[in-house]
Amino acid sequence: MEANELNAFLDLDSTALLEKVLQMDQSPVRVASSEAIVELTYQPHQLYDLAYRFLRDTGAPKKLEQIVAELRRQTQFGWNQILRMLQLEKDTRFVQYQGDIRWFIAEWTLGNDQVYEFCRSNGITQVTSRSLIHFLEQEVGIAGDAAFLPNLDDRFRIDGEILYIVVRSEDESEEQIEERMAVSEVAAAAVSQAPETIAKTDSVSEVVVTESAQPVLQEEQKEQEKPLITKEEITMSNATNQQVLEEVQKLLQEAIERLETRQQDMSQEVVDHFQQSNMQAIEVLMKEKHKHEQIVLGIQQVLATSEQQ
């Protein structure tokens, strides 16, 4: 009790506090066969031990129905019997998080803060579900007994097979804030230049109107030359834009193919390093794999946008 500072907020020493707790009607502890031994009042049924082992061995939180189904498979008890006897909230080895109906082992830690800080520090905004496990274990270095619960955290958002990291403004570093403000200033400058561009366009229109008031011969010459040139320029501009767009799309497709080829080569390299027990090299390859997946995802989004235009 003293080591864990359980009596830190009370004006009682450990002995007095223990005596007070033992005298409670619904005391969580009691004197055992010897006065020198204090034991928990609650004595769990064997079902609780089986449920604990089930969660520990699977290493993942489970719903009550899943736990009951497993205990029914291991014992002769019926479904209703297990539900009646298994009151997990009475056992300190089990815990639930608010908003989540699953049961966790109290020994597990919550790794949401660690994952969020790693992503924010390294500028990572999204992770694919296929690489999530390797990302958590190899890059973030999350503990094996830690639980990651993005569904219950507004700093994370899941959309399909993508986990998005939502960086909140109060969590941004000074460099990130300065970068965001610089982008805003550029955008504001572009907006402020828009009226000037419109004014210049209006001035050009006024000049055209003024010139149209010149002699009929000069106007006919302009009407014969200028429209033809304008149409040619428009046609050539459209053709050039289309050609440039197609070339860019082709280069992006080639980039995706090269990245996929590299991914295949990396798979063989991982096998080779594993045979040589070179775990450090495997960790480097996993980081490279994650970066490649992020790049491919970004390129695919650019291609999808260009095809819609």
Taking all non-hydrogen atoms of both residues, which atom of A51 and which atom of I67 are closest, and how far apart? CB-CG2, 3.8 Å
E293 and S131: side chain donor to acceptor below 3.5 Å: yes
Would you compute the distance between atom CD of Q300 and atom CG of L252 and round it to the nearest 0.5 angstrom? 11.0 Å
Under a 3.5 Å distance rule, please check whether Q264 uses its side chain to pair with a backbone N or O of T261 as donor and acceptor. no
Is the shortest heavy-atom distance from the side chain of Q126 to the side chain of L163 under 4.5 Å? no
Nearest heavy-atom pair of A255 and I299: which atoms, and what distance? CB-CD1, 4.1 Å
Check for a donor-acceptor pair, side chain of S121 on one end and backbone N or O of F118 on the other, with a separation under 3.5 Å. no
Has E137 got a side-chain atom pairing as donor or acceptor with I142's backbone, closer than 3.5 angstrom? no
Should D113 and R155 count as side-chain neighbours, where that means a heavy-atom distance under 4.5 Å? yes
When rounded to the nearest 0.5 angstrom, what is the spacing between CH2 in W103 and CD in Q66? 14.0 Å
Does the side chain of Y52 come within less than 4.5 Å of L88's, by heavy atoms? no
Any non-hydrogen side-chain atom of E288 less than 4.5 Å from a side-chain atom of R262? yes
Could you check whether any side-chain heavy atom of Q46 comes within less than 4.5 Å of a side-chain heavy atom of F77, counting everything from C-beta outward? yes
Minimum heavy-atom separation for M85 to Y48, with atom names? O-OH, 2.8 Å
Evaluate the side-chain proximity of F104 to L110: yes if any heavy-atom separation is below 4.5 Å, no if none is. no
Exam field: side chain N122 to backbone I124, donor-acceptor pair closer than 3.5 Å: no
Please report the shortest heavy-atom distance between V166 and R157, naming the atom on each side. CG2-CB, 4.3 Å
Run V302 and V248 through side-chain contact (heavy atoms from CB on, under 4.5 Å) and show every step you take. CA-CA 10 Å; V302 172; V248 170; over 6 Å; no
Count the heavy atoms of every other residue, nucleotide or ligand shown that sit under 6.0 Å from CD of E161, and state whether that count exceeds 12. no
Does the pair L55 and F94 meet the rule for a side-chain contact (heavy atoms from CB on, under 4.5 Å), with working shown? CA-CA 10 Å; L55 292 183; F94 302 95; 3.8 Å; yes
Joint hydrophobic cluster, M24 plus V38, side-chain heavy atoms closer than 4.5 Å: yes
Please check if atom CZ in R102 has more than 12 non-hydrogen atoms from other residues, nucleotides or ligands closer than 6.0 Å. yes
For L251, I'd like to know if atom CG has over 12 heavy atoms of other residues, nucleotides or ligands within 6.0 Å. yes
Check: F156 main-chain N/O paired with Y116 side-chain donor or acceptor under 3.5 Å: no
Q81 side chain to G78 backbone, donor-acceptor under 3.5 Å: yes
Is it the case that one hydrophobic cluster holds both W79 and I101, taking links as side-chain heavy atoms less than 4.5 Å apart, direct or via other members? no
Are a donor atom and an acceptor atom from the side chains of Q74 and E70 found within less than 3.5 Å of each other? yes
How many angstroms lie between CD1 in I105 and CZ in R53, if you round to the nearest 0.5 Å? 11.5 Å
Using side-chain contact (heavy atoms from CB on, under 4.5 Å), reason through F54 and L71 one step at a time and then give a plain yes or no. CA-CA 9 Å; F54 174 52; L71 298 184; 5.5 Å; no
Counting N and O atoms only, with roles assigned by atom type, does the side chain of E139 sit under 3.5 Å from a partner on the main chain of L136, one being a donor and the other an acceptor? no
Can we say R120 and E117 salt-bridge, meaning some charged N sits less than 4.0 Å from an Asp/Glu carboxylate O? yes
Electrostatic pair D49:R56 at N-O distance under 4.0 angstrom: no
Would you say the side chain of L22 lies within less than 4.5 Å of the side chain of V31, judging by non-hydrogen atoms? yes
So, for N112 and P150, which heavy atoms are closest and what is the spacing to 0.1 Å? ND2-N, 4.2 Å
Quick check: do W108 and P61 have side-chain heavy atoms less than 4.5 Å from each other? yes
Connected to L297, directly or through other members, by ILVMFWY side-chain contacts below 4.5 Å are I162, Y164
